[in-house]
Amino acid sequence: MGDSQYSFSLTTFSPSGKLVQIEHALMAVGSGQTSLGIKAANGVVIATEKKLPSILVDESSVQKIQLLTSNIGVTYSGMGPDSRVLVRKSRKQAQQYYKLYKEPIPVTQLVRETATVMQEFTQSGGVRPFGVSLLVAGYDDNGPQLYQVDPSGSYFSWKASAMGKNVTNAKSFLEKRFEGQISGKNIEIGVVGTDRKFRVLTPAEINDFLAEVE
């Protein structure tokens, strides 16, 4: 029995271990307009293609980048109506946090709460996954942050990311810009010398060696 037999069931795994409806949701994201985000040392930039269904549509009525709080913004690829639901829920969560603690919600926490909502819609009967992926950009006490949240509820912090149509080309373009940036964060080095003791260098030691080479 193939995965197609399970394509209409959200809460039942296929024999290959997949929830096929989530894959369909990712296809909806992949057919959406291209969005991308890039994190720098002092901020984050997100951008998205704003393609109208008709030249008769008033472009001022269409907004694909929204504020969640004064320091956090979001854009999406996929189904616009689904994104509105998530934006509303995220804003509500941010206001509840502010009302309780009298300070802005951390970016990571807001992303986690939003991802939790999306994940709940993957294991409940009578609902479907959100057909949208989000790029969340914010700046808090931990500095600039960029997150991508997918229909499954998974989320990751990115240096740069892209989603929607032509995502393969967009990510290849971004990856080329980040190639060659070697640091203690993305390589490991082990050494053994005359003392006959093997050890793994710490990221700080690696950075010191790289600085000497430069």
Side-chain angles (χ1 to χ4, degrees), residues 22 25-53 57-101 103-122 127-167 170-171 173-174:
I22 293 179
L26 288 171
M27 292 180 65
V29 173
S31 63
Q33 302 303 320
T34 306
S35 301
L36 60 85
I38 301 174
K39 182 174 70 173
N42 58 351
V44 184
V45 176
I46 55 175
T48 184
E49 186 179 3
K50 185 177 176 180
K51 190 172 183 179
L52 302 177
V57 174
D58 182 1
E59 63 273 6
S60 64
S61 66
V62 179
Q63 288 185 315
K64 291 193 63 181
I65 297 180
Q66 301 281 344
L67 280 176
L68 299 181
T69 68
S70 60
N71 64 311
I72 304 174
V74 63
T75 189
Y76 72 90
S77 288
M79 301 178 66
D82 285 14
S83 74
R84 291 200 302 269
V85 174
L86 292 169
V87 166
R88 185 176 68 249
K89 289 179 178 292
S90 298
R91 286 172 174 170
K92 183 177 180 180
Q93 182 64 41
Q95 286 300 313
Q96 288 175 339
Y97 184 96
Y98 184 82
K99 184 177 180 181
L100 182 61
Y101 298 105
E103 62 180 26
I105 188 171
V107 178
T108 302
Q109 185 165 342
L110 183 56
V111 169
R112 183 170 62 248
E113 296 295 337
T114 304
T116 298
V117 172
M118 298 176 76
Q119 192 278 331
E120 288 173 351
F121 275 69
T122 69
V127 298
R128 63 163 176 79
F130 288 93
V132 67
S133 285
L134 305 176
L135 276 180
V136 182
Y139 201 114
D140 57 17
D141 293 339
N142 294 317
Q145 298 181 62
L146 174 67
Y147 285 90
Q148 180 174 330
V149 191
D150 290 324
S152 64
S154 62
Y155 65 94
F156 297 96
S157 177
W158 293 80
K159 297 176 183 177
S161 186
M163 55 191 189
K165 290 180 180 177
N166 301 317
V167 62
K171 282 195 171 181
F173 175 83
L174 294 172

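Model, not experiment: these values are computed from the prediction. Keep in mind that the numbers below use all heavy atoms, side chains included, and drop hydrogens, waters and symmetry copies.
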> Using side chain to side chain contact (heavy atoms under 4.5 Å, CB included) as the criterion, list what pairs up with Phe156, not counting sequence neighbours.
Ser154, Trp158
> Are there more than 12 heavy atoms of other residues, nucleotides or ligands under 6.0 Å from atom NZ of Lys50?
yes
> Take atom CG of Asp141 as the centre, draw a 6.0 Å sphere, and report whether it contains more than 12 heavy atoms from other residues, nucleotides or ligands.
no
> Does a side-chain heavy-atom distance below 4.5 Å link Ser161 with Lys171?
yes
> Any side-chain heavy atom of Gln119 within less than 4.5 Å of one from Thr116?
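Result no, sub-4.5 Å side-chain heavy-atom pair not found.
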> Who passes side-chain hydrogen bond (donor to acceptor under 3.5 Å, both in side chains) against Thr75, sequence neighbours left out?
none
> Between OG1 of Thr69 and OH of Tyr98, what distance do you get to the nearest 0.5 Å?
11.5 Å
> From Lys159 NZ over to Leu174 CG, what is the distance, rounded to the nearest 0.5 angstrom?
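The NZ atom of Lys159 sits 12.5 Å away from the CG atom of Leu174.
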> Just so I know, are the side chains of Pro144 and Tyr139 near enough to count as touching, which here means a heavy-atom distance under 4.5 Å?
yes
> Would the distance check show the side chain of Arg91 and the main-chain N or O of Leu67 forming a donor-acceptor pair, the cut-off being under 3.5 Å?
yes
> Check the pair Thr34 / Val167 against side-chain contact (heavy atoms from CB on, under 4.5 Å), numbers first and verdict last.
CA-CA 7 Å; Thr34 306; Val167 62; over 6 Å; no
> Under 3.5 Å, is there a donor-acceptor pair between the side chain of Asp150 and the main chain of Ser152?
no
> Nearest 0.5 Å, please: how far is CD in Gln33 from CG in Asn166?
9.5 Å
> How many angstroms lie between CD in Gln145 and CG in Asp140, if you round to the nearest 0.5 Å?
4.5 Å
> Taking only residues two or more places apart in sequence or in another chain, which ones pass side-chain hydrogen bond (donor to acceptor under 3.5 Å, both in side chains) with Lys64?
Thr48
> Might you point out which heavy atoms bring Ala160 and Leu146 nearest each other, and give the distance in Å?
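Looks like CA-CD2, 4.0 Å.
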> Do Val62 and Glu59 touch side chain to side chain, with heavy atoms closer than 4.5 Å?
no
> Looking only at atom types and distance, does a side-chain atom of Asp82 sit under 3.5 Å from a main-chain N or O of Phe130, one as donor and one as acceptor?
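Flag not set: sc Asp82 to bb Phe130 has no pair under 3.5 Å.
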> Taking side chain as C-beta onward, heavy atoms only, is Leu110 less than 4.5 Å from Gln93?
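In contact.
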> Using a 3.5 Å distance criterion without hydrogens, assess whether the side chain of Ser157 forms a donor-acceptor pair with backbone atoms of Tyr147.
no
> Should we say atom CD of Gln63 is surrounded by more than 12 heavy atoms from elsewhere, each under 6.0 Å from it?
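No, not enclosed.
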> Taking the side chain as everything from C-beta on, heavy atoms only, tell me whether Ser35 gets closer than 4.5 Å to Ile46.
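SC-SC contact between Ser35 and Ile46 ruled out.
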> When you compare the side chain of Pro151 with that of Val29, does any pair of heavy atoms fall below 4.5 Å?
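Side-chain contact under 4.5 Å: yes.
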> How long is the straight-line distance from CD of Glu103 back to OH of Tyr97, given to the nearest 0.5 Å?
4.5 Å
> How long is the straight-line distance from CD of Glu49 back to CG of Leu36, given to the nearest 0.5 Å?
10.5 Å
